[in-house]
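To start, the structure under review is shown below, and the notes come after it.
Please read these numbers as outputs of a predicted model, since none were measured by experiment. We count residues from 1, following the sequence as given. Keep in mind that the numbers below use all heavy atoms, side chains included, and drop hydrogens, waters and symmetry copies.
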Amino acid sequence: MMWQSHTQYEHIPAWNKFPSGQYGDTGISFGHAVSRDLAHWTQVENAVWPDQWFISVSVYDGSVTVINGVPVLIAAGLTPNTTSTFCHARATPTNLSDPYLVDWAWDSAPLYCGNKTNGLRPFDAPTSAWRTAAGQWQYQDGAGGVYVSDDGKSWRGAKGTMPHGMVTDWFPLPRVCDGCDDDGGGRVAGDAVGRVVPTHVHEAANNYTLVTFVEGGHDEAGNVSTVPNGGATVMSAAVLNLTTKCDHGRFGFPKSFWDPVLSRRLQYGWAQGGKFVGEEDSLFGELTLKANHQSLLREVTYDPRLGMLCFSPVPELAQLRTTVLASMTTPTAIPASGILSLPTPPTAANQSEIRVSFAMPTTAVTFGVRVMTPPDAMPRTFLSAGFDFSVGFTPPPAGIAAWSVVVGGRADRKTHLPVGATATQLPLLSGVDSSVEMVLYVDQTVVEVFFMGGRVAITDFIPTAFFLPTSNNTVQGVELFASGPGVTVLNATVWAMSDTWTNVATHGRHQSRPTAAEAHASSRGTDSSLGTK
């Protein structure tokens, strides 16, 4: 199978600069990457361009659905030529025998643009389409408008609307997470009297809602109802003050797709730099940094005990591991100094995977993982420099089925609790959770962290103060820390990771749609492992 990732890039043409250009909304095209294993990706030529009148300003968000065996892209085209901001347009591959699906073409006319005659107001972010029991295809956009088709080619507005939101996603409830069908009392999830079981997920920007969905009639939108407490069988994560974010860091506008091979829901999102100015790269001294880029792939699962979604890294990422940089297999208490080092070769861990399992403490204490540690002339302590991800642990009250602890970035020097924009609550289950698991992916300038199998995910950018050229950080190491006694590390491993991109030089893309020969020349010659099968 060849996986296709159609990712929106802010591709700003050279002519679009201040003061004459709109700078950020003009010239956007859809990037295109392919993979056979969901770990190694090759960027091929951009899939579609703003080169038709109905999409003449930019190709905004869209989604691909396989309809009758043909991948169909429906995207929102930003155009000044209609009474509404957007048109919806359809594109399909020109050569289905090409495993790369390099060449795509717009239909000769848009599906619709808003006007007084049709009464439509198409908006940004068309979702993937779904097929109703009656055989019709439907999708929705960010304004909640629903559109319907009998054949996947000709579309029209449906009667009624669905929930709206910026860059929406819509999909059936994913599978139950591994080991999550037992609440610790021997009861299978779903035993709660009067419990409403979610059927679907509505997501917008970076927040999801668990809902029930009942299909409408012919040419009608269905009925969507929010499920109280997410259908939790033990205690709702919302009651424990966990917000319904897909990621609690610098991450936004996720999109998902269905994996028909392993029957799972996969998601990726936008790891967002400090500000959005339409640029992919930022310069810092002599470094070129990815200011905005795509996250690692995550599987979305449902935890019925807590009535929440979990977002965990896909296991295929293990293919990127090269060598073990550090390993700890014997339970070890973090010493009184507050630091337990995981010695790695200098700077080798700045592109790494880190997995740590902490025994569940019995007293209040803050602990976690610190990356990008610098050289330090003084003995290192809990307060030493580095880029932290921490757990502000408090024991559960007696007799309670679930409780939450605060997790996030660097701990406050006085309260020792995680603070800042990434701080949030991590739900824990009494009698079920016996350890606290953390998984980190460090990639030079950004870190993606997953607590407890993805109950909380946090994406954050590493401060430039820890970069080698400015800080003389010749170590960039890894250590475990604790604010006090009572923290035991059960096991820990640090792996060096290879690049997920098979063609690391992903710059120099065309400013506009290339000729067929140019497109194939830039797409073919980059990854011989993909072959032509």
Side-chain angles (χ1 to χ4, degrees), residues 4-9 28-32 46-79 81-82 84-94 96 101 103-115 118 120-132 135-158 160-172 200 202-204 219 221-222 253-258 267-268 513:
Q4 306 281 330
S5 172
H6 294 276
T7 307
Q8 177 188 327
Y9 293 107
I28 301 174
S29 55
F30 264 31
H32 185 184
N46 290 11
V48 288
W49 303 83
D51 54 3
Q52 301 293 327
W53 71 262
F54 47 82
I55 206 156
S56 59
V57 176
S58 278
V59 185
Y60 257 46
D61 302 284
S63 300
V64 174
T65 307
V66 178
I67 299 178
N68 300 325
V70 177
V72 175
L73 167 65
I74 296 179
L78 187 62
T79 173
N81 298 323
T82 68
S84 63
T85 307
F86 294 101
C87 296
H88 285 182
R90 177 182 179 272
T92 52
T94 60
L96 291 176
L101 298 180
D103 299 318
W104 290 65
W106 297 110
D107 290 350
S108 59
L111 299 178
Y112 20 69
C113 300
N115 56 54
N118 62 25
L120 298 176
R121 299 287 290 181
F123 195 65
D124 190 16
T127 65
S128 297
W130 63 92
R131 200 168 194 181
T132 68
Q136 289 191 305
W137 292 95
Q138 294 187 350
Y139 72 88
Q140 78 154 110
D141 65 15
V146 179
Y147 305 87
V148 62
S149 173
D150 298 313
D151 59 5
K153 298 179 180 179
S154 300
W155 294 79
R156 55 193 178 274
T161 61
M162 291 177 62
H164 61 84
M166 184 177 293
V167 188
T168 52
D169 200 3
W170 171 261
F171 51 89
H200 285 74
H202 182 271
E203 183 271 322
D219 280 10
F253 309 122
K255 298 289 287 186
S256 72
F257 60 93
W258 176 248
Q267 181 195 76
Y268 59 89
R513 182 187 290 275

Just wondering, do F171 and W130 contact through their side chains at under 4.5 Å, heavy atoms? no
Identify the two heavy atoms, one from M162 and one from A221, that lie closest to each other, and give their separation to 0.1 Å. CG-CB, 4.5 Å
In Å, rounded to the nearest 0.5 Å, how long is the span from CG of N118 to CZ of R156? 13.5 Å
Which atom of G142 lies closest to which atom of H164, heavy atoms considered: O-CB, 3.1 Å
Could you work out, with ring-ring contact (aromatic ring centres under 6.0 Å, His included) as the rule, every residue matching H88, not counting sequence neighbours? Y112, Y139, Y147
Evaluate the criterion side-chain contact (heavy atoms from CB on, under 4.5 Å) for residue pair D61 and F253; output intermediate values, then yes/no. CA-CA 10 Å; D61 302 284; F253 309 122; 5.8 Å; no
Distance (rounded to the nearest 0.5 Å) between T65 OG1 and I74 CD1: 6.5 Å
Residue among L78, T79, V57, V59 satisfying side chain to side chain contact (heavy atoms under 4.5 Å, CB included) with P50: V59
What are the two closest heavy atoms between H32 and L101, and how far apart are they? CE1-O, 3.0 Å
Interatomic distance, NE2@H202 vs CD@Q140, rounded to 0.5 Å, equals 4.0 Å
Under 4.5 Å between any side-chain heavy atoms of W53 and C113, yes or no? yes
Should D141 and R121 count as an ion pair when the cut-off is N to O under 4.0 Å? no
Heavy-atom nearest pair, S256 first then D169, reads OG-OD2, 2.7 Å
For residues A125 and V167, report the shortest heavy-atom separation together with the two atoms involved. CB-CA, 3.4 Å
Drop me the distance from W104's CH2 to T94's OG1, to the nearest 0.5 angstrom. 10.0 Å
Under 4.5 Å between any side-chain heavy atoms of D124 and M166, yes or no? no
Answer yes or no: is there a side-chain heavy-atom contact under 4.5 Å between P71 and L96? yes
Taking all heavy atoms of V48 and all of W106, pick out the closest pair and write down the distance. CB-CZ2, 3.5 Å
Distance in Å, L111 CG paired with S149 OG, rounded so as to fall on 0.5 Å steps: 8.5 Å
With rounding to the nearest 0.5 Å, note down the distance linking CG in D107 to CZ in F54. 7.0 Å
Walk me through it: do Q136 and D150 pass the test side-chain contact (heavy atoms from CB on, under 4.5 Å)? CA-CA 5 Å; Q136 289 191 305; D150 298 313; 3.0 Å; yes
